[in-house]
Amino acid sequence: MLSRKQILTTAAAAATAVLTAATVVLAQRADAADVLLSRNRPVAASSVEASAYAPENAVDGDTATRWASAEGSDPQWIQVDLGTATPITRIRLVWEAAYASAYRLETSADATTWTTLKPVTGENGGTDDHTGLAATARYVRVYGTQRGTSYGYSLWELEVYGPGSPPSPGTDYQAEDAALSQAVVAVNHTGYTGSGFVDYTNVTGSRIEWTVTTAVAGPVALTLRYANGTTANRPMDIAVDGAVLAAGAPFAPTANWDTWTTYTVTTTLAAGPHTVRATAVAATGGPNVDKLTVTPTATAGPTASPTLSPSPTPGGAFTVAAAGDIAEQCTASSSTCQHPKTAALVTAMNPDFVLTMGDNQYDDARLSDFQNYFDKTWGAFKQKIRPAPGNHETYDPAGAMVGYRSYFGSIAYPQGKPYYSYDHGNWHFIALDSNTLTASAQLTWLQNDLAATTKGCIAAYWHHPLFSSGEHGNDPVSRQAWQLLYNARADLVLNGHDHHYERFGPQNPSAAADQNGIVEVLGGMGGASPYAIENVQPNSQKRLTGVFGVLKLSFTAGTFSWQLIGTDGTVKDTSPTYTCH
């Protein structure tokens, strides 16, 4: 019997040959008004099998690259953003061996509410060319409902056509033409697009710097084409005009040094010249980089203003503020008191709701302490708070969590227990009580809750982190809950307890890097005295101590990202944009 690798290798060669021939035929018969609209447009997907099979591969026009979803589960989807409402007359899909036997072609104005353009059943792979369509939409989605194989869904190309003008093309900036520091131009691997590629010297701080020019103000995608033939991430900071846009962006392994994939961040830029820099942040240096592509992602308005905040894929978007370890027994009358300053950040964010990851009030979390300190600052948005308790909530002389429950009431016990869940958009949120996280009652509830949710994305939060590089370190009390969340393909975990900021790359409960794993963020910088970094853990991508602030989390129907905003109002760290599993 052929192995999965043999099947896909054989199918890939056959599909490439068929695709090349089909492209020639289609080019000969294409109507002059039938314009390809989807080439190099922003895309999102329900999941990816591995980093080498990113969704942007399906719109890059390269017949040797593909998007592949996670294997063995339905439904899965991929969507493309055309930038503005556009007439659509034809959608062409070129499937790899892992095809959909049934799927829906869908359209949307906002990537939240979808309309079925055409249901498709009984397909057998190859090329599906859907012509004679009539729709006007900004977003187009292929929504797979039945796999044709035991694997996942995989597309060599997703092409959307219409009678309008083609989107603004991306501009390529070759790496070998950029300014280099501790990096060299090389040609000893295949697959690069220019006259060579850039090989980073294996030191922290090696970098590539491009000068790019945008003709008009507006949102753009910055896409780096890279190869990483190692088995570990080669993280880099991506900065624009000196401000870090994506800190510690992972640049995950590809199959080998001859296999290229892309990493994309989005931002909004003013018209004119800009400096884009990719700097290695580990002693291993950066990956091999082929080029930077700058692509407008929507029609720019005449009053667009520059910003360096990441722009997740629109659709079902909402903002959440989050922090743990918040209110010391102090007030704004003391210049060293931090929780009034972090509360001011939340007020400025005006989030849809607020998460707290425990130790809301120090030291003994009595009701009088909540009333005298927490309530004077973070109490301003009490009705927006969805709290989780920490160990300090159990220190109340009146009894464990008496003050906590008295202050928050049903806000903290909406389902009658200090752990609960709720939905917002396409997200399922779970608040846990890590003081009793090994208790069978809570674990059984969590397992049942995860099995019952129908939402596409899952985030959970509690106090004690499974992984931490701080003074408290890793806390095994969280391992069983992590395992249940990992089994359910949860996306994000937020914790406190250690008084610092730290973010981890996707990993499994055994601390092994795993692109299908959970992203953990430790946000214990809400106001309590900082702790030191003592023992850096595997997969830790960024650590800050002595910085007080609030996480500003940006969610869409299928993505998430965040920034750490410091009490001085500046961005201290910016995450990559992750796609839900």
Side-chain angles (χ1 to χ4, degrees), residues 204-205 232-237 244 246-252 279-284 322-326 338 342 355 357-359 388 390-392 432 434 437 459-479 481-483 485-486 491-515 517-551 553 561-566 571-576 578:
T204 301
N233 292 348
R234 292 211 162 184
M236 297 198 294
D237 285 349
V244 175
F251 289 88
T279 304
V281 296
T284 52
D325 308 276
I326 299 169
Q338 299 298 325
T342 56
L355 310 182
M357 291 88 77
D359 283 5
N391 52 293
H392 278 267
L432 297 175
S434 57
L437 203 47
Y461 58 101
W462 63 89
H463 190 57
H464 300 82
L466 179 58
F467 304 111
S468 172
S469 301
E471 292 182 23
H472 285 305
N474 296 352
D475 198 326
V477 72
S478 299
R479 187 172 304 281
W482 244 81
Q483 186 67 58
L485 289 160
Y486 176 81
D491 303 286
L492 174 66
V493 163
L494 299 162
N495 301 123
H497 198 42
D498 262 334
H499 301 178
H500 71 277
Y501 167 81
E502 187 170 14
R503 61 177 167 88
F504 293 82
Q507 58 187 321
N508 66 27
S510 299
D514 182 349
Q515 290 303 306
I518 300 173
V519 173
E520 181 193 298
V521 186
L522 201 159
M525 64 294 127
S529 299
Y531 291 170
I533 303 297
E534 292 193 346
N535 184 19
V536 176
Q537 297 300 305
N539 306 305
S540 176
Q541 295 183 343
K542 184 78 172 183
R543 299 161 300 281
L544 294 172
T545 189
V547 173
F548 298 95
V550 175
L551 299 174
L553 296 130
S561 62
W562 69 92
Q563 292 181 320
L564 171 61
I565 311 297
V571 177
K572 303 300 183 182
D573 186 41
T574 300
S575 76
Y578 292 97

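Count residues from 1 along the sequence. In what follows, every heavy atom counts, from backbone to side chain, and hydrogens, waters and symmetry copies are set aside. Here the structure is a predicted model, which means the values were calculated and not measured.
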inquiry  = List the residues meeting side chain to side chain contact (heavy atoms under 4.5 Å, CB included) with A323, not counting sequence neighbours, and say none if there are none.
reply    = W378, M525

message = Please check this pair: side chain of E471 against backbone of A532, looking for a donor-acceptor N/O pair closer than 3.5 Å.
response = yes

inquiry  = I need the Q563 CD to K572 NZ distance, nearest 0.5 Å.
reply    = 12.5 Å

ask   = Checking side chain to side chain contact (heavy atoms under 4.5 Å, CB included) for the pair I565/V550: CA distance, chi angles, key distance, verdict?
value = CA-CA 5 Å; I565 311 297; V550 175; 5.5 Å; no

note = Value for CG (L466) from CD (Q507), rounded to nearest 0.5 Å, stands at 7.5 Å

ask   = After noting the C-alpha distance and the side-chain angles of D573 and Y501, does the key distance pass the side chain to side chain contact (heavy atoms under 4.5 Å, CB included) rule?
value = CA-CA 9 Å; D573 186 41; Y501 167 81; 2.5 Å; yes

ask   = Between G248 and P235, which heavy-atom pair has the shortest distance, and what is it?
value = O-CB, 3.9 Å

key: Nearest-0.5 Å distance, CZ of residue R479 to CG of residue L437   = 12.0 Å

task = For N495 and H464, work out which heavy atoms get closest and say how close.
result = ND2-O, 3.9 Å

key: Heavy-atom pair with the smallest gap, counting every atom of W462 and S434   = CD1-CB, 3.4 Å

query = Can you find a heavy atom in the side chain of D359 that is under 4.5 Å from one in the side chain of N391?
reply = yes

Pairwise distance CG(L432) to NE2(H463) - rounded to 0.5 angstrom = 13.5 Å

note = Nearest heavy-atom approach of A511 to F467 is CB-CE2, 3.6 Å

Intermediate values then yes/no, side chain to side chain contact (heavy atoms under 4.5 Å, CB included), V281 and Q541 = CA-CA 9 Å; V281 296; Q541 295 183 343; over 6 Å; no

task = Return yes if some donor-acceptor pair links the side-chain N/O of D498 with the main-chain N/O of H500 below 3.5 Å, else return no.
result = no

request  = Starting at CD of Q483, measure out to CD1 of I518 and round the result to the nearest 0.5 Å.
outcome  = 8.5 Å

key: side chain to side chain contact (heavy atoms under 4.5 Å, CB included) assessment of L553 paired with L492   = CA-CA 11 Å; L553 296 130; L492 174 66; 4.1 Å; yes

remark   = Rounded to the nearest 0.5 Å, the CD atom of Q537 sits from the CG atom of N535 at a distance of 5.0 Å

query = So, for E502 and S540, which heavy atoms are closest and what is the spacing to 0.1 Å?
reply = OE2-OG, 2.6 Å

ask   = By side-chain hydrogen bond (donor to acceptor under 3.5 Å, both in side chains), which residues pair with T279, not counting sequence neighbours?
value = none

ask   = Which pair of non-hydrogen atoms, one from F548 and one from P530, has the smallest distance, and what is that distance?
value = CZ-CD, 3.6 Å

